[in-house]
Amino acid sequence: MHSFGYRANSLLTFAVTILAFMCAIVSFSFSNQTPSAQIQILNINWFQKQPHGNDEVSLTLNITADLQSLFTWNTKQVFAFVAAEYKTSKNSLNQVSLWDAIIPEKEHAKFWIQISNKYRFIDQGYNLRRKDFNLTLHWHVMPKTGKMFADKIVMSGYSLPDAYR
Amino acid sequence: MGWMGETIDSIKSIQIRQLLTQAISLGMIVTSALIIWKALMCVTGSESPVVVVLSGSMEPGFKRGDILFLHMSKDPIRAGEIVVFNVDGRDIPIVHRVIKVHERENTGEVDVLTKGDNNYGDDRLLYAEGQQWLHRHHIMGRAVGFLPYVGWVTIIMTEKPIIKYILIGALGLLVITSKD
């Protein structure tokens, strides 16, 4: 009962348990988070109906965001992406991711970028003419250990043109 | 001669009893581990509440050897969630992020497209022949938390099974030779 083996075993078990407990409760520390973002559609590059019958549109977006307040000592990276959300007669919700980026450090979290959509904006059907849609900036905070959490900013008021071009 | 026979008998019976006790304690330990695993399955609502990341397709967020905690709820699947799914015909589940969602108006059925953060293209190459979208029944859970490095034990034991046998052999030896 007092041999080296037993003592080492109890010590190790206790240490591992405490470590696991600390890794878990880290998830409950929340800091003051005030992220902000703005998205502008600079140009509709083209808007076509594809041969297989689905609408596709290509946009140039101007994205400005400040996600620096999301970074804590426990943050490994923040995954940010912009999605277009809209409703059609067949589908109650469509979410199409247009662009995403991995932000590894706080310094890179305040950015301004102008790009065309990284992923193709294709509908299930041909419902995109004159369609109103929201652009949401989502972020997913991935910690060094513990619980991940995600949130978003919804920006509404965008719409697509009446006719193909 | 009578008492010698008695002594031999008593020695034999003690050994058998000790052996049985040890076997039962071992069985108790294995059964408790199984109970905890099944209880986790119930609480998280997922068939495998803990998975090990096997590939580098979600780097730098999830590296090979990390452990992910999964949770499955009836909440609808939305873009940005990290889901674990099984493709028909493959037995290893894949952990990637949802990038497109199309949810039907009436039935609530949903078409989902996923992509690994570190991959160039989406997962259509990984899906079954002719499959363009994932559906709800393919998805086993959402990743809600993670622990780094702990999964390397599982990876080593799977890729070099000799280590598994050595470990179990050593444990067995320890149990048999321990005095209590």
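Letters A, B, ... mirror the listed sequences (proteins, then strands); counts begin at 1.
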Practice problem: Could you verify whether a donor N or O on one side chain and an acceptor N or O on the other, from A/Tyr119 and B/Lys115, lie under 3.5 Å apart? | Solution: yes

Quiz item: Non-hydrogen atoms of chain B under 4.5 Å away: do they reach the side chain of A/Met142, the backbone, both or neither?
Solution: side chain

Self-check item: Portion of A/Ile102 that has a non-hydrogen atom of chain B nearer than 4.5 angstrom
Solution: side chain

Self-check item: Atom pair CD1 (B/Ile77) and CG (A/Leu93), whose distance is rounded to the nearest 0.5 Å
Solution: 12.0 Å

Self-check item: Pairs of heavy atoms under 4.5 Å with chain B: top-ranked of A/Gln77, A/Lys152, A/His140, A/Gln124
Solution: A/Gln124

Self-check item: Value rounded to 0.5 Å, distance of CZ in A/Phe121 from NZ in B/Lys100
Solution: 9.0 Å

Self-check item: Side-chain donor-acceptor contact under 3.5 Å, A/His138 with B/Arg78
Solution: no

Quiz item: Is the count of non-hydrogen atoms from other residues, nucleotides or ligands lying under 6.0 Å from A/Gln38 atom CD greater than 12?
Solution: no

Quiz item: A/Phe79, A/Trp139, A/Phe81: which one forms the most heavy-atom pairs within less than 4.5 Å of chain B?
Solution: A/Phe79

Quiz item: Relative to chain A, which segment of B/Asp122 carries a heavy atom at a distance below 4.5 Å: side chain, backbone, both, or neither?
Solution: neither

Quiz item: Non-hydrogen atoms of chain B under 4.5 Å away: do they reach the side chain of A/Lys144, the backbone, both or neither?
Solution: backbone

Quiz item: Side chain, backbone, both or neither: which part of B/Glu59 has an atom under 4.5 Å from a heavy atom of chain A?
Solution: backbone

Quiz prompt | Under 4.5 Å from any heavy atom of chain A - which part of B/Asn106 | solution = neither

Quiz item: For A/Thr136, is it the side chain, the backbone, both, or neither that has a heavy atom closer than 4.5 Å to a heavy atom of chain B?
Solution: neither

Quiz item: For the atom pair CD (A/Gln95) and CD (B/Glu103), what is the distance rounded to the nearest 0.5 Å?
Solution: 8.5 Å

Exercise. Would you give the length of the straight line joining atom CZ of B/Phe69 to atom CE of A/Met148, rounded to the nearest 0.5 angstrom?
Key: 11.0 Å

Self-check item: Between B/Pro76, B/Ala143, B/Gly61, B/Gly121, the one whose heavy-atom pairs under 4.5 Å with chain A are most numerous
Solution: B/Gly61

